[in-house]
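Structure first, then comments.
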Amino acid sequence: MRNSRRGAVDPFIVMDVMEAARQAEEAGRHIIHMEVGQPGTAAPQAARHALSQQMEQGALGYTVALGIPELRARIAQLYGDWYNVDLNPNRVIVTPGSSGAFVLAFSALFDAGERVAIGAPGYPSYRQILKALSLEPLDIQTAPQNRLQPVPDDLRAMDFEGLMVASPANPTGTMLDTAAMGALIDLCQEKDAAFISDEIYHGIEYEAKAVTALELTDECYVINSFSKYFSMTGWRVGWMVVPDDHVRKVERLAQNMFICAPHASQVAALAAMDCHDELEANMAVYRANRAMMIEGLPKAGFSKFAPPDGAFYVYVDVSNYTNNSRAFAQEILEQAGVAVTPGLDFDPVRGHQTLRFSYARSTEDIAEGLTRLQRFMAARGAV
Ligand SMILES: Cc1ncc(COP(=O)(O)O)c(C=O)c1O
């Protein structure tokens, strides 16, 4: 059969790590999962309850492409509650996860061959989705002194039609504050480039509140999801906020590409938004895990990292131990029984010397994982 060049994207390495961990488990080993970027908890109870009720009552057929109106209104309300931003629900588009939103955003904003700047390290699928859509990802090699977030000086000499940022970011957990995000938005305006903000980890923040791009401008695309704070990864539901005059265009794309986000998941998502106490209980676990990681990783010899502002990852420079993060991650899995993600997923240039540790699972798992890492690294003579 014929093959397209644009379809030849790289694998998502963390998925390969998950598969290797699964095989080890099948062979009878006990593995601590520090590779997965998802909560160990279920969707909030009231969300599951709302869906089971709805399943008894309705057919759960297609919804309108932009999403159930009550859900769009409730998402708009979240912007009032979280950021004091008055958002018109008409600008909210419910999507099949933030992944579906990326496809819609990139299709709505760019023509084939156009360039979109993304921070490295960064979430790998940005690059692969852009390539699959015949767009050109431009990696920005972010600096440790900027906590691995892009700054205008990284971008001024580059030509691009779009900039995608994430705050809190995956894999670093670092955030852009109001001034840092504002400077990037200003630069995009100067260059007539679209500004896209991935805010999927909002709600999972520790010292300071995350800033939404909507506090600074209406001329942007903001992408979010129920996957992380709302603990609903497999439900495949997220959302996007676009400028008023882009809604109809995105609606037409959504109608044709997806018809709608899963109806069942939209019902559950609406109920999840009122589950404050349960969601904050999850946050208490992340907070405790984060503190343990910040204290425990250096005891295992992993001390080169910036403490995360949000999300549930620590991104560690392991250049003093390896030049091959993939092989190192494999060794850690085989010998320590801990699954971790090699940095190559996030940064093709420098990621051979970094690892991402996720602390999204239970506190017991994190404690055990840290003990195993400390033992493994001590046996290697590293600590
Ligand atoms: C920064 C970032 N954006 C987007 C996604 C995709 O999430 P979703 O489940 O909403 O498609 C992830 C998943 O890990 C992520 O880390």
Side-chain angles (χ1 to χ4, degrees), residues 9 11-18 33-43 67 71 75 92-106 116 118-130 132 137 140 142 148-150 163-176 196-205 210 212-213 221-241 254 257-258 261-262 265-266 268-269 272-273 286 308-315 340-341 343 345-347 351 356-361:
V9 301
F12 198 171
I13 298 171
V14 67
M15 296 293 184
D16 294 347
V17 176
M18 283 165 78
H33 291 274
M34 288 186 162
E35 85 284 28
V36 279
Q38 67 175 340
T41 44
L71 179 57
I75 292 169
V92 177
I93 295 155
V94 181
T95 59
S98 68
S99 304
F102 300 146
V103 176
L104 288 171
F106 298 157
V116 181
I118 52 177
Y123 179 59
S125 302
Y126 303 147
R127 184 180 306 111
Q128 312 306 346
I129 296 172
L130 287 165
I140 313 159
T142 58
L148 299 176
Q149 285 282 1
L163 168 65
M164 172 108 197
V165 299
S167 167
N170 177 7
T172 59
T174 60
M175 298 199 307
L176 294 165
I196 309 170
S197 180
D198 180 351
E199 303 184 356
I200 185 172
Y201 291 103
H202 279 220
I204 307 179
E205 56 232 352
T212 172
Y221 275 37
V222 164
I223 292 174
N224 206 323
S225 175
F226 288 92
S227 288
K228 309 291 174 167
Y229 177 71
F230 295 98
S231 191
M232 295 177 65
T233 47
W235 297 72
R236 310 313 304 133
V237 59
W239 74 87
M240 178 159 82
V241 182
M257 285 180 168
F258 306 117
S265 305
Q266 295 190 56
M273 295 191 82
Y286 300 144
D309 302 318
F312 31 56
Y313 309 112
V314 183
Y315 192 59
V340 301
T341 308
D345 243 354
F346 312 101
D347 185 342
R356 186 194 73 176
F357 297 80
S358 166
Y359 54 89
R361 292 301 184 97

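Note that the numbering runs from 1 along the sequence shown for the chain. Both ligands and their constituent atoms are indexed starting at 1 by order of listing. Predicted model only: the values in this text are computed from it and were never measured.
When the options Phe230, Phe312, Tyr229 are evaluated for a ring pair (Phe, Tyr, Trp, His ring centres under 6.0 Å) with Tyr201, the one that passes is Phe312.
The protein heavy-atom contact nearest to atom 4 (C) of ligand 1 is Ser98 OG, 3.2 Å.
Judged by distance alone, with hydrogens and angles left aside, the side-chain atoms of Thr172 form no donor-acceptor pair with the main-chain N or O of Leu148 at under 3.5 Å. Looking only at distances, a side-chain donor or acceptor of Glu205 sits under 3.5 Å from a matching main-chain atom of Ala210. In this structure a side-chain-to-backbone donor-acceptor pair under 3.5 Å is present from Thr142 to Ala120.
Side-chain contact check for Ile75 versus Phe226: some heavy-atom pair is nearer than 4.5 Å. Residues Tyr126 and Ile196 are not in side-chain contact: their nearest non-hydrogen atoms beyond the backbone lie 4.5 Å or more apart.
Between Ser227 and ligand 1, an N or O atom pair is found at a separation short of 3.5 Å. Backbone and side-chain nitrogen or oxygen atoms of Tyr123 are examined, and none is located within less than 3.5 angstrom of a nitrogen or oxygen of ligand 1. Ligand 1 has an N or O atom lying under 3.5 Å from an N or O atom of Asp198, backbone or side chain.
Under a 4.0 Å criterion applied to the non-hydrogen atoms of Arg236, ligand 1 contributes the atoms 8 (P), 9 (O), 11 (O). Counting the atoms of ligand 1 from 1 in the order shown, those under 4.0 Å from a heavy atom of Tyr126 are 1 (C). Those atoms of ligand 1 with a heavy atom of Phe102 less than 4.0 angstrom away are 3 (N), 4 (C).
Around atom 11 (O) of ligand 1, the closest heavy atom drawn from Ser99, Ser167, Gly97, Ala360 belongs to Ser99.
The closest approach between a heavy atom of Lys228 and any atom of ligand 1 is below 4.0 Å. Residue contact check for ligand 1: Phe226 places no non-hydrogen atom closer than 4.0 Å to it.
For the atom pair CZ (Arg127) and CG (Asp347), the distance works out to 7.5 Å, reported to the nearest 0.5 Å.
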